[in-house]
A.B. asks: 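One structure, pasted below without further comment.
Atoms within each ligand, like the ligands themselves, are counted from 1 in listed order.
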Amino acid sequence: MAPASRIAIVGGGLAGLSAAAALASADYAVTLLEARAFLGGRATSYPLNTGEEPGPTIDNCQHVLLRCCTNLADFYSRLGVRDQIHFQREFYWIEPGGRISVMKRGLFPAPLHFTESFARLRFLSLSDKFSLASALLAIRYEYGKRDDLERITMLDWLKEKKQTPRAIERFWRQVLVSAINEDLERMAASHGLQVFYLGFLSKANSYEMGVPSVPLENLYSNEIWSQYPNVNIIGRTPVKRVVIDGGQVTGLKTDSGFVNADAYMLAVPFERVDAIAPELALNYTQFSHSPITGIHLWFDRAITDLPNATLLDRTIQWMFNKDSGRHIQLVVSASRTLTELPRNEVIALALDELRDFFPLVKEVKLERAHVVKELRATFSATPNLEGYRPVSNTQFPNLFLAGDWTRSGWPATMEGAVRSGYLAAEQVTGFLGHRERFLLPDIA
Ligand SMILES: Cc1cc2nc3c(=O)[nH]c(=O)nc-3n(C[C@H](O)[C@H](O)[C@H](O)COP(=O)(O)OP(=O)(O)OC[C@H]3O[C@@H](n4cnc5c(N)ncnc54)[C@H](O)[C@@H]3O)c2cc1C
């Protein structure tokens with residue numbers, strides 16, 4: 001039986017929440033302080049109130065996971081919300097003009113499970129497919145074995161593997177820019193290979209795309225947390241300062257007073273750490289951000305019955321069908337070309353591009369539109385960054401770090417954030433004298 005030691009966590013994003021759930025499951029008493037009124041951090045939702053009418057609740061951006069996100073699934077299980085994630089087995093690729101190709105697993109076991117649908121993909125030629133197949137084979141041999149993958153870009157690797165320009169643009173770029181939120185020419189090859197190794201080659205179902213069936217915040221609402229009476233969540237309470245005395249943390253300073261605990265965890269984005277705990281003196285100069293833009297469109301009629309689609313050769317990368325084809329959420333990852341564009345121009349561009357894929361857009365009426373530009377969506381997963389991502393332990397024995405930017409073994413994703421939360425929670429229990437294991441291994 002673990003002792004009722006008290007742990008204070010700063011930050012109610014997925015890193016902080018997953019650490020809280022793990023520690024609470026092991027009977028620790030957790031106080032979680034969140035600056036905002038709602039939980040979820042960068043993976044959250046809010047009501048879109050315009051004028052006097054209460055609007056729909058929207059996610060800050062469509063968040064998806066793959067079945068290979070084992071720790072995220074475990075976190076959802078701890079909260080009892082795993083059945084709120086619906087997995088889609090079919091990926092739809094649409095070319096301008098509307099031609100659709102479907103990717104789904106077939107009869108062969110992994111890693112050959114895409115053979116049939118791969119052969120039928122219409123947006124790639126035979127030579128594109130041959131080049132792709134040889135690169136996928138190379139991933140099986142090189143992932144986890146080659147030690148320079150963190151130092152080269154994904155584009156370097158693809159060129160080394162003699163990928164055709166169309167395979168690069170229509171396949172690799174289309175999948176990886178969304179998965180890693182970075183361009184192929186800026187992303188470390190290690191992340192790109194990891195996505196394909198775990199998500200596409202390791203198990204026949206690991207590629208399946210999980211989409212929450214409820215607004216993101218409902219996955220971790222206060223009601224859900226009531227099953228953990230040993231977790232005290234305090235919202236609207238930004239931590240101003242980590243108080244350090246005699247080489248260890250003695251409390252957290254907030255506007256309403258001090259919070260004391262036996263161990264402390266900072267689960268805030270990297271750009272927030274210096275203001276709260278300058279004594280950590282972390283080196284962030286290597287970190288930069290990559291933006292994501294989400295575009296919500298509501299039409300008077302359905303424009304499609306596809307549940308999702310990746311749109312080729314245009315700015316918009318993904319379409320998600322949120323409400324029987326009437327509410328469409330579009331996503332552009334690594335969206336640097338859109339960040340300076342006024343919102344009405346982003347909407348005009350989105351409608352213009354959608355007409356190339358869904359002819360009904362020419363006929364329907366747009367009833368409402370909303371653009372979310374997340375300029376600090378994730379850190380940019382550039383080469384040579386891994387060594388700068390800090391581990392959970394710090395120079396102060398009772399202070400620990402979590403967050404998608406710490407050394408989780410994954411890029412900045414929900415799975416990465418949960419992994420970091422579990423890793424930090426493990427270190428906390430070790431410090432408190434009852435070492436627990438929370439992190440689940442990647443699927444082999
Ligand atoms: C637009 C967008 C789309 C994305 N799409 C996907 C996707 O499809 N799939 C995927 O896996 N990942 C996606 N991600 C990435 C994913 O959302 C993040 O990697 C993950 O949510 C980060 O979690 P975190 O807990 O590390 O950080 P955060 O979510 O940033 O949480 C940090 C929390 O700390 C709080 N905080 C900060 N300062 C203080 C303070 N002083 N005191 C108290 N609290 C404080 C913040 O308010 C915040 O709630 C997306 C991200 C964005 C922005």
Side-chain angles (χ1 to χ4, degrees), residues 8-20 31-45 58-66 68-69 71-73 75 85 177-182 195 199 209-212 216-217 219-220 233-242 252-255 259 264-277 289-295 308 317-318 320 329-335 371-379 381 389 401-406 408 410-424:
I9 298 177
V10 186
L14 285 172
L17 293 175
S18 57
T31 299
L32 186 144
L33 298 140
E34 165 55 47
R36 298 199 270 184
F38 43 87
L39 296 173
R42 276 170 279 156
T44 195
S45 39
I58 58 163
D59 293 342
N60 63 326
C61 190
Q62 179 69 57
H63 274 65
V64 300
L65 56 137
L66 299 183
C68 60
C69 296
N71 288 281
L72 181 59
F75 167 59
I85 309 297
V177 172
S178 311
I180 309 291
N181 188 31
E182 195 43 283
V195 167
M209 183 165 64
V211 179
L216 284 168
E217 211 222 343
L219 298 173
Y220 12 80
I233 294 181
I234 308 175
R236 292 196 176 93
T237 307
V239 167
K240 300 286 176 188
R241 199 71 171 77
V242 174
L252 301 173
K253 185 172 180 294
T254 73
D255 279 342
V259 173
Y264 299 83
M265 188 186 300
L266 281 186
V268 299
F270 67 87
E271 67 273 11
R272 299 288 308 134
V273 175
D274 254 359
I276 312 173
H289 287 103
S290 180
I292 298 179
T293 300
I295 305 148
N308 69 70
Q317 294 147 353
W318 277 90
F320 294 92
Q329 150 99 82
L330 306 171
V331 183
V332 186
S333 297
S335 60
V371 177
V372 187
K373 294 183 191 177
E374 293 271 10
L375 301 186
R376 294 175 164 183
T378 66
F379 70 81
R389 293 175 75 183
L401 289 174
D404 62 356
W405 57 282
T406 60
S408 71
W410 272 58
T413 51
M414 297 187 288
E415 170 74 6
V418 171
R419 288 175 63 93
S420 79
Y422 282 2
L423 283 166

A.B. asks: Are any side-chain N or O atoms of Y220 and backbone N or O atoms of G12, one a donor and one an acceptor, separated by less than 3.5 Å?
C.D. replies: no

A.B. asks: Taking W405 for its side chain and V268 for its backbone only, find out whether a donor-acceptor pair lies under 3.5 Å.
C.D. replies: yes

A.B. asks: Just which atoms of ligand 1 are under 4.0 Å from any heavy atom in I276?
C.D. replies: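 Those qualifying, in numeric order: 41 (N).
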
A.B. asks: Tell me the nearest of S335, A15, A267, C69 to atom 32 (C) of ligand 1, using heavy-atom distances.
C.D. replies: A267

A.B. asks: Among protein heavy atoms, which sits nearest to atom 16 (C) of ligand 1, and what does the distance come to when rounded to 0.1 Å?
C.D. replies: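 Nearest neighbour among protein heavy atoms for atom 16 (C) of ligand 1, to 0.1 Å: H63 NE2, 3.8 Å.
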
A.B. asks: Quick check: E34 and ligand 1, any N/O pair under 3.5 Å apart?
C.D. replies: yes

A.B. asks: Give yes or no for whether the N/O distance cutoff of 3.5 Å, strictly under, is met between G403 and ligand 1.
C.D. replies: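 Looking only at distances, the answer is no, because the N/O contact criterion of under 3.5 Å is not met.
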
A.B. asks: Based purely on interatomic distance, does L14 place a nitrogen or oxygen under 3.5 Å from a nitrogen or oxygen of ligand 1?
C.D. replies: yes

A.B. asks: With heavy atoms only and a cut-off of under 4.0 Å, state how D404 meets ligand 1: side chain, backbone, both or neither.
C.D. replies: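 Both backbone and side chain.
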
A.B. asks: Under 3.5 Å, is there a donor-acceptor pair between the side chain of S290 and the main chain of T378?
C.D. replies: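 No: the side chain of S290 does not pair with the backbone of T378.
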
A.B. asks: For ligand 1, find out whether one of its N or O atoms is nearer than 3.5 Å to an N or O atom of A35.
C.D. replies: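 Min N/O separation from ligand 1 is below 3.5 Å for A35.
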
A.B. asks: Is the contact between Q62 and ligand 1 made by the side chain, the backbone, both, or neither, using heavy atoms and a 4.0 Å cut-off?
C.D. replies: backbone

A.B. asks: Does ligand 1 come near enough to M414 that some N or O of the ligand is less than 3.5 Å from an N or O of the residue?
C.D. replies: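 Yes; the residue has a nitrogen or oxygen that sits under 3.5 Å from a nitrogen or oxygen of the ligand.
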
A.B. asks: H289 and F270: aromatic ring centres closer than 6.0 Å?
C.D. replies: yes

A.B. asks: Is the side chain of T254 donor-acceptor paired with the backbone N or O of T237 at a distance under 3.5 Å, no angle test?
C.D. replies: no

A.B. asks: Give a yes or no on whether the backbone of S408 and the side-chain of R419 come within a donor-acceptor separation of less than 3.5 Å.
C.D. replies: yes

A.B. asks: Going by distance only, is there an N or O of R42 that falls short of 3.5 Å from an N or O of ligand 1?
C.D. replies: yes

A.B. asks: Can you find an N/O atom of C61 closer than 3.5 Å to an N/O atom of ligand 1?
C.D. replies: no

A.B. asks: Show the atoms of ligand 1 that are less than 4.0 angstrom away from any heavy atom in R36.
C.D. replies: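 Reading through ligand 1 atom by atom, the close ones are 47 (O).
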
A.B. asks: Under 4.0 Å from ligand 1, counting heavy atoms only, is it the side chain of R272, its backbone, both or neither?
C.D. replies: side chain

A.B. asks: Does G294 reach ligand 1, in the sense of a heavy atom lying below 4.0 Å from it?
C.D. replies: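 Distance cut 4.0 Å: G294 fails for ligand 1.
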
A.B. asks: Could you check whether any side-chain heavy atom of R389 comes within less than 4.5 Å of a side-chain heavy atom of F379, counting everything from C-beta outward?
C.D. replies: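 R389 vs F379: side chains touch.
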
A.B. asks: Does S333 reach the main-chain N or O of I292 with its side chain, forming a donor-acceptor pair under 3.5 Å?
C.D. replies: no

A.B. asks: Counting from 1, what ligand 1 atoms have a heavy atom of P269 closer than 4.0 Å?
C.D. replies: 30 (O), 32 (C)

A.B. asks: Starting from atom 39 (C) of ligand 1, find the nearest protein heavy-atom neighbour and note its residue, name and distance.
C.D. replies: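 Here the nearest protein heavy atom works out to V268 CG1, 3.7 Å.
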
A.B. asks: Indicate yes or no: at least one non-hydrogen side-chain atom of C61 is less than 4.5 angstrom from one of V331.
C.D. replies: yes

A.B. asks: For atom 23 (O) of ligand 1, find the nearest protein heavy atom and state the residue, atom name and distance (0.1 Å precision).
C.D. replies: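 Minimum-distance protein heavy atom for atom 23 (O) of ligand 1 reads A417 CB, 3.5 Å.
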
A.B. asks: Under 4.0 Å from a heavy atom of G13: give me the atoms of ligand 1 that qualify, with their elements.
C.D. replies: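 Per the distance check, 25 (O), 29 (O), 31 (O), 33 (C), 49 (O).
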
A.B. asks: Which one of V211, V239, L39 has a non-hydrogen atom at the shortest distance from atom 42 (N) of ligand 1?
C.D. replies: V239

A.B. asks: Is the closest heavy-atom distance from A412 to ligand 1 below 4.0 Å?
C.D. replies: yes

A.B. asks: Can you tell me if L33 has a non-hydrogen atom under 4.0 Å from ligand 1?
C.D. replies: yes

A.B. asks: Contact between R376 and ligand 1, counting heavy atoms under 4.0 Å?
C.D. replies: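 The answer is no: ligand 1 sits nowhere under 4.0 Å from a heavy atom of R376.
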
A.B. asks: Quick check: does any side chain N or O of S18 sit under 3.5 Å from a backbone N or O of L14, one acting as donor and the other as acceptor?
C.D. replies: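 Checking the backbone N and O of L14 against the side chain of S18, a donor-acceptor pair under 3.5 Å is found.
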
A.B. asks: Among N308, V64, L65, whose side chain to side chain contact (heavy atoms under 4.5 Å, CB included) with V211 holds?
C.D. replies: V64

A.B. asks: Report yes or no: does R36 contribute a side-chain atom to a donor-acceptor pair with the main-chain N or O of G41 at less than 3.5 Å?
C.D. replies: yes

A.B. asks: Quick one: nearest non-hydrogen protein atom to atom 34 (O) of ligand 1, plus distance?
C.D. replies: G11 CA, 3.3 Å

A.B. asks: Check each heavy atom of I292 against ligand 1 and say whether those closer than 4.0 Å belong to the side chain, the backbone, both or neither.
C.D. replies: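 Answer for I292: side chain.
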
A.B. asks: Considering residues, nucleotides and ligands other than R241, do more than 12 of their heavy atoms fall under 6.0 Å from its CZ?
C.D. replies: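 Yes, enclosed.
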
A.B. asks: Give a yes or no answer on whether the side chain of N60 reaches the backbone of R42 with a donor-acceptor pair at less than 3.5 Å.
C.D. replies: yes

A.B. asks: Return a yes/no value for N60: is any of its N or O atoms, backbone included, closer than 3.5 angstrom to an N or O of ligand 1?
C.D. replies: no

A.B. asks: Please verify whether a non-hydrogen atom of G40 lies at under 4.0 Å from ligand 1.
C.D. replies: yes

A.B. asks: Could you check atom 9 (N) of ligand 1 against the protein and tell me its nearest heavy-atom contact, residue, atom and distance included?
C.D. replies: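 Looking at atom 9 (N) of ligand 1, the protein heavy atom closest to it is V64 O, 2.9 Å.
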
A.B. asks: Heavy-atom pairs closer than 4.0 Å: do any link ligand 1 to the side chain of E374, the backbone, both, or neither?
C.D. replies: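 Contact part for E374 vs ligand 1: side chain (C-beta onward).
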
A.B. asks: Report the part of S420 (side chain from C-beta onward, or backbone N, CA, C, O) that has a heavy atom under 4.0 Å from ligand 1; answer both or neither where that applies.
C.D. replies: neither

